[in-house]
Amino acid sequence: MNKKLRCIVIDDEPLARGLLKSYVEQTAGLHLEGVFESAAEAVKPVMMGNIDLVFLDIHMPLLNGIEFGKMIPSQTRIIYVTAYDSFALEGFRTNALDYLLKPVSYSEFLKAVGKALEWFSMRRSYEKDHASGSPSDMITIKADYRLVQMSTDSILYIEVRKDHLIFFRSSGETVTSLMSMRDIEEVLPSDIFMRVHRSFIVNLRNVEVVDRNRIVFGQTYIPISESKKDEFLQRIGAGKR
C-alpha cells in the first residue's frame with residue numbers, strides 16, 4: 001500500500017483553515033499532521049523534515065507564505081491556497097506543486113492533490129532505484145503544471161534564465177521548468193552533470209567539442225567560468241597529466 005503524504009494546513013482565516021482540514025481528512029492518500037494559524041507556528045515541524053506537503057496561505061502576518069516557502073526544505077512540497085492570483089509566479093519559484101484560489105472547491109483540491117501524489121510517487125521510485133543500486137537514467141522535473149520524466153542522456157545542457165530553467169535536449173526539443181536551481185541540482189546525477197557557469201549546467205557525456213573556453217553544441221556556445229575550467233577539463237579527461 002502506498003504511504004500516505006504527511007500534510008499540514010497553514011492559514012490565518014478560521015473558515016479557510018477548517019475547510020482545508022476537512023478536505024484533507026476525507027481524502028485518500030493524505031494524513032493530517034497539524035493545523036496552524038501562522039507560518040511561525042509551523043516552523044519547527046516543517047524544518048524537522050517530518051512533513052511531505054504543506055497547504056499554505058500567502059497573506060499572513062509576521063511571516064507570509066512566500067517568505068516561508070523559501071525556507072521550507074526541498075523534500076517538502078507546497079500547494080499555495082490564497083485569495084490573490086498575483087503571487088502565482090513567485091510561488092512557483094519555491095517548492096510549489098500547485099496554486100489554488102479561494103474559495104477552494106473540493107474538485108480543484110483533488111486535482112492539486114493528484115499532482116502531489118504523482119510527484120511523490122515518482123520521487124520515491126527514483127529514490128528506491130538509487131538506494132538499491134539499480135541503474136536509473138530517468139529524472140523527474142516540474143514543467144509548468146506537469147511532472148515530466150526524461151532520460152538524462154537526452155539532455156545536452158540546462159540554461160538558467162531569471163526565474164526558470166530551460167532543458168535543451170538532443171532531439172532539438174526544449175522543456176521549460178519553474179524548478180529552482182537547488183531543486184534540479186538535487187535531482188541531477190552529480191557524476192554526469194556539472195555546472196560550468198552560473199547560467200549553465202552541462203551533461204558531460206554529451207560534450208564532444210570544446211573551443212577555447214566554450215562548449216559547443218551545434219551552433220550554441222556554452223561559456224565555461226574561469227573558476228570551473230580546471231575541474232571541467234579534468235572531468236572530461238583533458239586535464240593536466
Check the hydrophobic clustering (I, L, V, M, F, W, Y; side-chain heavy atoms under 4.5 Å; chains of links allowed) and say if Phe193 and Val216 are grouped together. no

If hydrophobic clusters are built from ILVMFWY residues whose side chains come within less than 4.5 Å, do Ile58 and Leu62 share one? no

Using a 4.5 Å cut-off on heavy atoms from C-beta on, say whether the side chain of [Y] contacts that of [X].
X: Gln26; Y: Tyr106; value: yes
X: Ile236; Y: Val210; value: yes
X: Ile224; Y: Arg212; value: no

Residues pairing under side chain to side chain donor-acceptor pair (under 3.5 Å) where one sits in residues 197-208, two or more places apart or in two chains, turn out to be Asp153-Arg205

Which residue pairs satisfy the side chain to side chain donor-acceptor pair (under 3.5 Å) criterion with at least one member in residues 215-224, sequence neighbours excluded? none

Begin from the C-alpha positions of Ile158 and Leu188 and carry the test side chain to side chain contact (heavy atoms under 4.5 Å, CB included) through to its verdict. CA-CA 11 Å; Ile158 304 165; Leu188 293 173; 3.7 Å; yes

Using every non-hydrogen atom in the two residues, find where [X] and [Y] come nearest and quote the distance to one decimal.
X: Leu63; Y: Ala39; value: O-CB, 3.6 Å
X: Ile166; Y: Arg161; value: CD1-NH1, 3.3 Å
X: Leu101; Y: Ala83; value: CD2-C, 4.3 Å
X: Phe217; Y: Val202; value: CE1-CG1, 4.3 Å
X: Leu30; Y: Cys7; value: CD2-SG, 3.7 Å
X: Leu97; Y: Arg77; value: CD1-CB, 3.7 Å

Gap separating the [atom1] atom of [X] from the [atom2] atom of [Y], nearest 0.5 angstrom:
X: Phe109; Y: Leu100; atom1: CZ; atom2: CG; value: 8.0 Å
X: His164; Y: Glu159; atom1: NE2; atom2: CD; value: 8.0 Å
X: Glu37; Y: Asp11; atom1: CD; atom2: CG; value: 10.0 Å
X: Ile78; Y: Tyr99; atom1: CD1; atom2: OH; value: 12.5 Å
X: Ser154; Y: Arg169; atom1: OG; atom2: CZ; value: 3.5 Å
X: Glu231; Y: Met194; atom1: CD; atom2: CE; value: 3.5 Å

Using the side chain to side chain contact (heavy atoms under 4.5 Å, CB included) definition, which of the options Leu32, Leu5, Leu19 pairs with Val24? Leu32

Cut-off 3.5 Å, no hydrogens considered: what does the side-chain donor-acceptor table look like for residues 43-53, sequence neighbours left out?
{"from": "Asp52", "atom 1": "OD1", "to": "Arg6", "atom 2": "NH2", "distance (Å)": "3.2"}
{"from": "Asp52", "atom 1": "OD2", "to": "Arg6", "atom 2": "N", "distance (Å)": "2.8"}
{"from": "Asp52", "atom 1": "OD2", "to": "Arg6", "atom 2": "NE", "distance (Å)": "3.2"}

Verify salt bridge (charged side-chain N to carboxylate O under 4.0 Å, His left out) between Asp57 and Lys102, making sure each step is shown before the conclusion. CA-CA 10 Å; Asp57 187 21; Lys102 297 177 181 179; 3.5 Å; yes

Scan side-chain atoms only and decide if Ser225 and Ser227 contain a donor-acceptor pair under the 3.5 Å cut-off. no

Between Glu108 and Lys111, is the closest basic N to carboxylate O distance under 4.0 Å? yes

Would you find a donor on one side and an acceptor on the other, under 3.5 Å apart, between the side chain of Asp211 and the backbone of Arg214? no

Which class fits the ring pair Tyr157 and Phe168: parallel under 30°, tilted 30 to 60°, perpendicular over 60°? parallel

Just checking Phe55 against Tyr23, ring centres under 6.0 Å apart? no

Using the side chain to side chain contact (heavy atoms under 4.5 Å, CB included) rule, take Phe200 and Ile215 through it: C-alpha gap first, then chi angles, then the decisive distance, then the call. CA-CA 11 Å; Phe200 293 96; Ile215 302 164; over 6 Å; no

